[in-house]
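What you see below is based on every heavy atom in this structure, not just the backbone, and it leaves out hydrogens, waters and symmetry mates.
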Amino acid sequence: MNHENEYFCPYCGQSADANEWFTTAQKDYTMNIAANAGIDLINKELTKSLKKLDSRSFRVKTRDVPRRNELINPENDDMVFFALPCCNKQIKISEEWDGTIYCYFCGFPHDRKGGEDD
């Protein structure tokens, strides 16, 4: 019973909505990009508005809000492709995994021997 936005963990078969399959690093990355969009807006618009207040009798000193780091560590190259005949697709799994592999798309369980495409 696969819902349109439901996917399965290839290691345990647990299903979850598509927006729940992000790593902590991926979540941090997207949050930093969103935060930087706001920071850029603050640095540009608010600073410009405050500088307009600067006069002989009223001094305004501004400093840009520092941007967040948007870098994400590269993926480790410790995975292999595994063919999923049930959905005619491939996924990457840890090369050390020797247990059942569940289809990410439909949840069908596969034996490790037989689907590996190095």
Side-chain angles (χ1 to χ4, degrees):
M1 176 166 116
N2 189 7
H3 297 94
E4 189 174 317
N5 292 319
E6 180 181 44
Y7 296 99
F8 298 83
C9 174
Y11 302 108
C12 72
Q14 175 68 43
S15 65
D17 193 65
N19 64 2
E20 296 179 25
W21 288 110
F22 296 103
T23 66
T24 301
Q26 290 168 327
K27 287 179 185 176
D28 290 346
Y29 173 73
T30 56
M31 292 301 291
N32 287 344
I33 288 175
N36 283 342
I39 288 169
D40 290 345
L41 189 61
I42 289 170
N43 287 342
K44 180 181 175 190
E45 299 301 326
L46 185 59
T47 300
K48 184 168 60 173
S49 296
L50 288 172
K51 285 184 179 181
K52 288 180 184 177
L53 298 175
D54 200 4
S55 67
R56 284 188 196 155
S57 59
F58 188 75
R59 294 315 258 165
V60 176
K61 276 184 113 172
T62 62
R63 182 176 51 186
D64 281 352
V65 176
R67 298 181 95 241
R68 292 184 178 183
N69 181 0
E70 291 180 4
L71 298 178
I72 189 169
N73 291 333
E75 178 182 305
N76 291 335
D77 193 16
D78 61 351
M79 302 182 101
V80 294
F81 282 101
F82 185 84
L84 300 165
C86 56
C87 290
N88 199 27
K89 296 185 181 197
Q90 290 185 337
I91 59 172
K92 287 176 81 175
I93 59 162
S94 171
E95 63 186 336
E96 271 132 42
W97 182 256
D98 62 359
T100 299
I101 298 168
Y102 297 87
C103 178
Y104 179 73
F105 305 97
C106 72
F108 188 86
H110 296 277
D111 185 10
R112 169 64 192 236
K113 307 171 186 88
E116 205 171 313
D117 287 345
D118 291 320

**Prompt:** Is Lys89 positioned over the aromatic face of Phe105, cation under 6.0 angstrom from the ring centre and no more than 45 degrees off axis?
**Reply:** yes
**Item:** Test item: Arg112 side-chain N/O and Trp97 main-chain N/O as donor-acceptor pair under 3.5 Å
**Value:** yes
**Asked** Any link between Ile101 and Trp21 through a network of hydrophobic side chains (Ile, Leu, Val, Met, Phe, Trp, Tyr) touching at under 4.5 Å?
**Response** yes
**Message:** For Asn88, is the CG atom crowded, meaning more than 12 foreign heavy atoms sit under 6.0 Å from it?
**Reply:** no
**Fill in**
Closest heavy-atom pair, Tyr102 versus Pro109, reported as atoms and distance to 0.1 Å, is CE2-CB, 3.7 Å
**Message:** If I compare all heavy atoms of Met79 with all of Ser94, which pair ends up nearest, and what's the gap?
**Reply:** CE-N, 3.8 Å
**Complete:** The side chain to side chain donor-acceptor pair (under 3.5 Å) partners of Asn43 (sequence neighbours excluded) come to none
**Asked** Rounded to the nearest 0.5 Å, what separation is found between the NZ atom of Lys52 and the OG1 atom of Thr47?
**Response** 12.0 Å
**Message:** In this structure, would Leu71 and Phe22 fall into the same cluster of hydrophobic residues linked by side-chain contacts under 4.5 Å?
**Reply:** no
**Co-membership, hydrophobic cluster, residues Phe82 and Phe108, 4.5 Å side-chain** = no
**Fill in**
Residues passing the salt bridge (charged side-chain N to carboxylate O under 4.0 Å, His left out) test with Arg63, sequence neighbours excluded, are none
**Item:** From Asp111 atom CG to Thr100 atom OG1, the distance as rounded to the nearest 0.5 Å
**Value:** 7.0 Å
**Complete:** For Glu96, the salt bridge (charged side-chain N to carboxylate O under 4.0 Å, His left out) test, sequence neighbours excluded, returns none
**Message:** I'd like to check the side chain to side chain donor-acceptor pair (under 3.5 Å) partners of Ser15; sequence neighbours left out, ordered by chain and number.
**Reply:** Glu6
**Euclidean distance, Asp78 CG relative to Lys92 NZ, rounded to 0.5 Å** = 8.5 Å
**Item:** By salt bridge (charged side-chain N to carboxylate O under 4.0 Å, His left out) - contacts of Asp28 (at least two apart)
**Value:** none
**Message:** Any side-chain to backbone donor/acceptor pair from Glu45 onto Ile42? Under 3.5 Å, distance only.
**Reply:** no
**Message:** According to salt bridge (Lys or Arg N to Asp or Glu O under 4.0 Å), does anything in residues 31-42 pair up with another residue at least two apart or in another chain? List the pairs.
**Reply:** Asp40-Arg67
**Prompt:** Where do Tyr11 and Ile93 land on the side chain to side chain contact (heavy atoms under 4.5 Å, CB included) test, with the steps shown first?
**Reply:** CA-CA 8 Å; Tyr11 302 108; Ile93 59 162; 3.8 Å; yes
**Request:** For residues Tyr7 and Tyr104, determine if any side-chain heavy atom of one lies less than 4.5 Å from a side-chain heavy atom of the other.
**Result:** yes
**Prompt:** So do Cys86 and His110 actually touch side chain to side chain, heavy atoms under 4.5 Å?
**Reply:** yes
**Prompt:** Does any N or O in the side chain of Asn32 come within less than 3.5 Å of the main-chain N or O of Glu70, such that one atom is a donor and the other an acceptor?
**Reply:** no
**Request:** Could you tell me whether Asp98 atom CG has more than 12 heavy atoms of other residues or ligands within 6.0 Å of it?
**Result:** no
**Asked** In the single-linkage hydrophobic clustering (I, L, V, M, F, W, Y; side-chain heavy atoms under 4.5 Å), do Met31 and Leu41 co-cluster?
**Response** no
**Backbone of Pro66 reached by a side-chain donor or acceptor of Asp64 within 3.5 Å** = no
